[in-house]
Protein chains: 2
Amino acid sequence: MERPSLESFTARHHLDSRSLCAQIVEAREGAIAVRSAQAATDNLTRIIEATLRLANRKGFAAMTLRELARESGLSLGGLYAYIGSKDELARLIQAWVSRTLRRVMASALEDIDDSRSRLATAIEAHLLTTEALREWFFFLYMEAHHLASDERRQAVAAERNSEQIFADIIRQGQADGHYGAMNADIAAGLVKAMLQDWYLKRHKHGERGLDVAAYADTVTAATEALLATRA
Amino acid sequence: MERPSLESFTARHHLDSRSLCAQIVEAREGAIAVRSAQAATDNLTRIIEATLRLANRKGFAAMTLRELARESGLSLGGLYAYIGSKDELARLIQAWVSRTLRRVMASALEDIDDSRSRLATAIEAHLLTTEALREWFFFLYMEAHHLASDERRQAVAAERNSEQIFADIIRQGQADGHYGAMNADIAAGLVKAMLQDWYLKRHKHGERGLDVAAYADTVTAATEALLATRA
DNA sequence: GCGAAAATATAACGAACGTCCGTTATACAT
DNA sequence: ATGTATAACGGACGTTCGTTATATTTTCGC
């Protein structure tokens with residue numbers, strides 16, 4: 001199976017801001033005061049993209065709604081046709097990026113049985129997803145700690161879930177005799193740390209001329225090497 | 001050489017909040033309006049520890065000086081005997097945690113020549129330092145993006161510097177024939193990602209019953225395995 | 001144990017925040 | 001061409017922010 005390019009992966013899984021915003025508009029039917037789904041999606045996309053731009057630069061708490069209005073092109077009052085409050089805006093973004101990762105990982109892994117293929121595919125899918133929605137994931141990581149306890153618990157659960165996917169693959173590989181006896185949860189944690197570094201330190205990787213496919217190869221090779229050891 | 005415990009390492013390198021605050025008081029001679037260095041250190045320690053507690057829970061921007069006064073036990077106006085402004089408080093913490101890591105890494109590595117010993121020592125020193133000053137490092141990581149451009153550049157430079165230490169060790173090991181030909185900068189980046197995961201996801205590791213020494217062994221083994229490959 | 005000096009507490013300021021609401025502009029139907 | 005539903009605007013409200021000026025308490029040499 002040939003490897004997907006970032007573009008084809010993005011298109012296949014609808015990993016662009018507008019697609020996510022369209023889903024949000026649909027799911028929040030009634031909570032948004034604008035009737036036309038088309039226009040609502042347009043404006044919500046501008047609001048959320050502006051939020052990611054501002055919040056990732058100076059922090060969500062430090063971003064004011066006046067800045068957001070200016071940056072998104074809407075008026076201050078106009079924002080409230082799309083969001084119930086500033087806090088709800090953060091919760092919206094976080095909830096949707098979490099469920100998008102879960103959806104894409106599940107989709108990318110279905111019909112793949114061999115444990116080593118699953119490992120490489122999972123690493124690649126994680127990296128491509130976070131690359132396509134880089135600002136969304138950066139926002140989730142940086143702001144998740146400040147959520148109220150309910151949403152925070154949900155974000156932690158999503159994180160655990162994605163790590164669990166890797167741990168399960170590793171255990172399968174160990175059962176198949178491909179990997180040594182290293183603790184699968186700890187190994188999965190190391191993999192997750194390397195994967196998150198991709199979108200957390202994007203600027204550094206860009207300067208090095210490392211692209212997402214090359215980084216996927218590197219992380220996969222590193223993980224295979226790590227798992228080959230008989231700890 | 002026997003491995004240092006967290007306690008002995010902390011004591012040897014003065015990695016407690018009060019020691020750092022004492023250094024800050026000394027360095028800021030004149031900027032603090034309280035004459036007694038002893039009393040000034042006491043209060044500054046309470047201020048900074050309260051800042052780390054509040055800011056790491058809800059974010060520095062969302063933390064108010066009224067909360068900080070309550071949490072630290074000082075009055076609102078009294079805070080200004082120790083800090084010039086709220087922003088300066090953040091800059092103080094960030095600057096001192098950066099230079100502390102640099103100082104400790106240099107100190108831990110001196111007199112160690114063998115590249116494989118240097119790698120294990122550097123990994124261990126990094127983990128023990130961030131473990132001893134966990135809240136400080138968490139604060140640095142989470143708030144560094146929001147600094148003004150000057151201080152931001154300084155924080156990025158400190159991060160590069162610590163990564164460079166690992167890259168240099170890896171290059172030395174490659175020259176000595178211990179390691180394969182993998183790109184040293186990229187490998188150092190992966191190591192750094194695993195090291196930072198320790199203090200960024202502290203709660204998770206605690207739940208797993210993983211202590212800092214065991215994690216050091218895991219990361220060292222993973223790095224050795226990774227570097228053994230002939231990419 | 002008294003008075004100057006140092007340290008802390010209290011109170012107040014202007015600015016800026018999130019939110020809301022009366023009004024105006026636009027689009028579609030009649 | 002007129003009337004009605006829809007969307008967006010932008011200023012004002014009450015609150016809370018960081019900061020500073022003033023008052024009070026504590027400390028300590030004599």
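Every chain is numbered from 1 and lettered A, B, ... according to where its sequence line falls, protein lines coming before strand lines.
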- Under 4.0 Å: is that the gap between some side-chain N or O of B/Y80 and OP1 or OP2 of D/dT19? yes
- 5'-to-3' dot-bracket of DNA chain D (Watson-Crick, G-U; under 3.5 angstrom; crossing pairs as [ ]; | other strand): .|.|||||||||||||||||||||||||||
Nearest-Å distance, [atom1] ([X]) to [atom2] ([N])?
X     : N      : atom1 : atom2 : value
A/L89 : C/dT19 : CG    : C1'   : 14 Å
A/Y82 : D/dC9  : OH    : C1'   : 12 Å
B/L44 : C/dA7  : CG    : C1'   : 15 Å
A/L79 : D/dG11 : CG    : P     : 15 Å
A/L68 : D/dG10 : CG    : P     : 15 Å
B/K86 : D/dT19 : NZ    : C1'   : 12 Å
A/L74 : D/dG10 : CG    : P     : 11 Å
B/E67 : D/dT16 : CD    : P     : 12 Å

- Closest-nucleotide ordering on DNA chain C, the 5'-leading residue of B/R66 and A/S85: B/R66
Can you see whether [X] engages [Y] through a side-chain donor-acceptor pair at a distance of less than 3.5 angstrom?
X      : Y      : answer
B/S5   : B/S8   : yes
A/Q196 : B/K201 : yes
B/Q23  : B/W96  : no

- Message: Between A/Y199 and A/F138, is the ring centroid distance below 6.0 Å?
- Response: no
Over all strands shown, is [X] touching base, sugar-phosphate only, or nothing at heavy-atom distances under 4.0 angstrom?
X     : result
A/N43 : sugar-phosphate
A/G73 : sugar-phosphate
B/L76 : base

- Where along residues 45-65 of chain B does a heavy atom fall under 4.0 Å from DNA chain C? none
- Query: So, are B/R46 and B/E71 salt-bridged, with charged N and O less than 4.0 Å apart?
  - Reply: no
- Cationic N near anionic O, under 4.0 Å, A/E163 to B/R208: yes
- Measure the acute angle between the ring planes of A/F60 and A/F139, then classify it against the limits of 30° and 60° as parallel, tilted or perpendicular. perpendicular
- Message: Parallel, tilted or perpendicular: which one describes the rings of A/Y141 and A/H145, with boundaries at 30° and 60°?
- Response: perpendicular
- Item | Side-chain heavy-atom pair A/H205, A/D197 within 4.5 angstrom cut-off | yes
- Of the listed nucleotides D/dA8, C/dA9, C/dT19, the one nearest the side chain of A/V34: D/dA8
